[in-house]
Protein chains: 2
Amino acid sequence: MDTGDVFDPNCPTRVVLDRIGDKWSVLVLLCLADGPMRFTRLRSRIGGVTPKVLTQTLRTMEQDGLITREVFAEVPPRVEYALTDLGRSLHDPISAVATWAETHVAEILRRRERSA
Amino acid sequence: MDTGDVFDPNCPTRVVLDRIGDKWSVLVLLCLADGPMRFTRLRSRIGGVTPKVLTQTLRTMEQDGLITREVFAEVPPRVEYALTDLGRSLHDPISAVATWAETHVAEILRRRERSA
DNA sequence: CAGCATCCCCCTTGATACTG
DNA sequence: CAGTATCAAGGGGGATGCTG
């Protein structure tokens, strides 16, 4: 397998880029960086996400080994999500992009309007 | 405008994240990091992209001020795309993510299969 | 060469409602 | 609380063909 060329459509790196490009995954990761968190907490912190989509996102991230899902046999039910080492290792790169975004958003919006 | 909370759905930072999440923008940016490039060159280096989508991507990136588009009045026509300073400033963060992707792709795919 | 025009499809995303 | 079920919609993305 060729992991050396992101430009190759068959390159598995594309898979990762797709996941990162996902609208919610990044937000979940940034959120969980503050520590383990329950479903409802995630949902309320990440504005605009529906339960279904949040569940989908969490399941996929779990399968990819980015987060863990721990169910406590209690009433009422409690489920905690947390970053794995792999997930944590992605935090810094993602965070750098987020910081860039926050820094340059204004400029981009300005240019976008100017060319509208 | 509140640029401080990525979790706010109205936060313009989301806009940038969306653009970055775009399937092709990242590839274009990585590609142009090697220097100015013509349409066809971009198209052949970025496997799997159709002209229409590539054009859309380039236009949007131009409007956002990430790249420039220079048309040479020649026959046959020649159009060169290049990164702006803004675009260049995004290269490092993006590149960090890409590197992460290449490094951890194998592990992710392994986990994904294991949980399938 | 560098693209625009068209048509189309599917797949994500979402709103709403319900449940173990 | 932490989800599932269902249904609807929209647009990103793609194939093809044409042109300045």
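Please read all numbers here as calculations on a predicted model, not as lab measurements. Each chain gets a letter, A, B and so on, in the order the sequences are listed, and its residues count up from 1.
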Original post:
Does the side-chain contact (heavy atoms from CB on, under 4.5 Å) test come out yes or no for B:V53 and B:T50, once each step is laid out?
Top reply: CA-CA 5 Å; B:V53 174; B:T50 58; 3.3 Å; yes
Original post:
Is the shortest heavy-atom distance from the side chain of B:I108 to the side chain of A:L86 under 4.5 Å?
Top reply: yes
Subject >> Separation of atom CD in B:E80 from atom P in C:dC1, rounded to whole Å >> reply: 15 Å
**OP:** Could you pull out all residues at least two apart from A:R19 that satisfy salt bridge (Lys or Arg N to Asp or Glu O under 4.0 Å)?
**Re:** A:D64
**OP:** Name all residues meeting the side chain to side chain donor-acceptor pair (under 3.5 Å) criterion together with A:W24; count only those two or more places apart in sequence or in a different chain, and write none if there are none.
**Re:** none
Original post:
Can B:E113 and B:R111 be counted as an ion pair, charged N to O under 4.0 angstrom?
Top reply: no
Original post:
Would you say B:L42 and B:L58 make side-chain contact, with heavy atoms under 4.5 Å?
Top reply: yes
Original post:
Expressed in angstrom and rounded to an integer, what is the separation of B:E74 atom CD from C:dA2 atom C1'?
Top reply: 13 Å
Original post:
Is the shortest heavy-atom distance from the side chain of B:R69 to the side chain of B:R59 under 4.5 Å?
Top reply: yes
Subject >> Single hit among A:D85, A:D92, A:T84 for side chain to side chain donor-acceptor pair (under 3.5 Å) with A:R88 >> reply: A:D85
Subject >> Distance, nearest 0.5 Å, that separates CE of A:M37 from CZ of A:R45 >> reply: 5.0 Å
**OP:** Strictly below 4.0 Å, heavy-atom distances to any atom of DNA chain C: list the hits from residues 55-72 of chain B, or just say none.
**Re:** B:T55, B:R59, B:R69
Original post:
Among pairs that include at least one residue of residues 45-104 of chain B, which meet ring pair (Phe, Tyr, Trp, His ring centres under 6.0 Å), considering only residues two or more places apart or in two chains?
Top reply: B:W100-B:H104
Original post:
In B/S/- notation, 5' to 3', how is nucleotides 14-20 of chain C contacted by protein heavy atoms closer than 4.0 Å?
Top reply: BB----B
**OP:** Give the first and the last nucleotide of DNA chain D, reading 5' to 3', that has any atom under 4.0 Å from a heavy atom of chain B.
**Re:** D:dG13 to D:dG20
